[in-house]
Amino acid sequence: MKSKLGELALIEQIRSQWGSHGRGTHRALALGIGDDCAILRTPRGRELLVTTDFSLEGRHFRREMHPPESVGHRTLARGLSDLAAMGARPLAAFLSLALPADLLSTRAGGKWIERFFGGLRALADQHHVPLAGGDTSESPCGLLLADIVLLGSAPAGRALRRSGARPGDALYVTGQLGGAAAELASMQSRAAKKHTTHRGVAAMNGAQGDGLHPQLFPQPRIAVGLALLRRGVATACIDLSDGLSTDLAHLCHESGVGAEVSAAALPIHSLAQRTGPGNALSLALNGGEDYELLFAASPNTRVPRSLAGVQITRIGRVVRGSAISILDSAGHAAPLPPGGWQHFTGKP
Ligand code: ADP
Ligand code: MG
């Protein structure tokens with residue numbers, strides 16, 4: 001009974017913090033938190049895009065390692081990144097939470113939840129996306145489970161897809177690769193040495209600058225996705241949630257093509273570079289959770305060096321067939337197997 005009260009109090013708190021958030025400032029949101037449903041206005045001439053993502057304690061984050069602001073940020077970032085990959089503009093987010101009893105009934109738990117929402121809110125405000133509803137319940141397993149639903153919109157018939165890449169297209173990535181996995185590895189080694197990783201997070205939360213904390217505060221590439229769609233640059237696009245090798249295989253499979261990636265061309269994050277050349281390459285190819293975009297563009301399209309202030313790097317090309325290979329600096333090709341995050345096999 002105690003945590004039922006906790007649930008209701010929490011919903012009230014969420015409502016008071018987000019309730020007026022939508023009105024006026026978010027044209028698409030006719031009714032936000034508080035009723036049985038939210039009401040959204042579908043923008044004229046546009047289609048709705050919907051994506052849903054779990055953030056599960058022990059699988060996608062660890063409470064002893066990720067500060068609460070980071071868990072909130074990453075929960076929303078996963079959904080926003082899917083919208084970015086399709087060139088969609090975010091309309092509204094819905095958050096279903098299963099919270100362990102201690103978070104619902106203790107002071108420290110209340111503080112944790114407040115900081116979680118602080119991280120989520122900072123990213124929501126950055127992208128002008130209202131939290132329009134959700135569900136809240138006590139978790140039966142003592143683990144925190146969060147499910148985010150994101151709604152977005154794109155001009156009818158024009159959303160970017162995984163399936164449009166053609167042989168001869170060039171392949172590009174945004175930002176830098178391998179940083180999220182490198183930061184995770186250093187968090188894990190600090191945790192093993194029993195150093196707290198939460199120290200300094202207040203400063204970090206104020207400075208989630210692009211690329212500084214690729215694991216804790218990845219930056220979904222909404223503005224880049226919008227620019228790719230508006231300028232008609234990309235023939236196909238996917239976000240890098242599982243790792244370049246795995247997500248490139250998804251894009252190639254959906255497009256019915258193969259690819260060649262040049263190892264020397266990969267923009268490797270400085271945190272990954274510090275781990276040594278061989279390891280850095282493997283983090284960039286297989287690390288995952290960078291939430292950058294991978295896209296293909298026709299060889300006749302001029303692709304700028306940066307879009308919306310984010311670096312764009314050409315990393316290879318699309319080829320006929322289905323083989324995906326990686327070229328070393330001498331130009332020797334080797335197969336590039338999907339080595340990123342494998343769902344349900346417990347890696348990484
Ligand atoms: P119902 O039982 O009708 O589903 P709830 O009591 O679960 O209603 O929720 C009341 C209102 O609070 C609804 O508008 C719902 O969308 C919102 N809400 C509940 N939990 C959350 C949450 N975690 N985040 C955002 N909104 C929430
Ligand atoms: Mg409910």
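Counting starts at 1 for both ligands and their atoms, following the listed order.
- Closest to atom 21 (C) of ligand 1 by heavy atom, among I11, T136, I113, is T136.
- Taking every non-hydrogen atom of L95 and a distance limit under 4.0 Å, the qualifying atoms of ligand 1 come out as 22 (C), 23 (N), 24 (N).
- In the hydrophobic clustering of ILVMFWY residues, with side-chain heavy atoms under 4.5 Å counting as a link, L80 and Y291 come out apart.
- Counting only distance, with no hydrogens or angles, the side chain of D169 and the backbone of R166 share a donor-acceptor pair below 3.5 Å.
- Atom CZ of R320 has 12 or fewer neighbouring heavy atoms from other residues, nucleotides or ligands inside a 6.0 Å radius.
- Relative to atom 25 (C) of ligand 1, the option among G133, A132, G32 with the closest non-hydrogen atom is G133.
- Taking each of I148, D35, L131 in turn, the one with a heavy atom nearest to atom 13 (C) of ligand 1 proves to be D35.
- In this structure, a donor-acceptor pair under 3.5 Å is present between the side chains of Q126 and Q219.
- Where the criterion is an N or O separation shorter than 3.5 Å, residue side chain and backbone included, I14 fails it with respect to ligand 1.
- For the atom pair CG (L95) and CH2 (W18), the distance works out to 9.0 Å, reported to the nearest 0.5 Å.
- Under the side chain to side chain donor-acceptor pair (under 3.5 Å) criterion, the residue pairs touching residues 150-162 are R46-S153, with sequence neighbours excluded.
- Heavy-atom proximity to I33, at under 4.0 Å, picks out these atoms of ligand 1: 12 (O), 14 (O), 17 (C), 25 (C), 26 (N).
- Less than 4.0 angstrom separates some heavy atom of D36 from each of these atoms of ligand 1: 3 (O).
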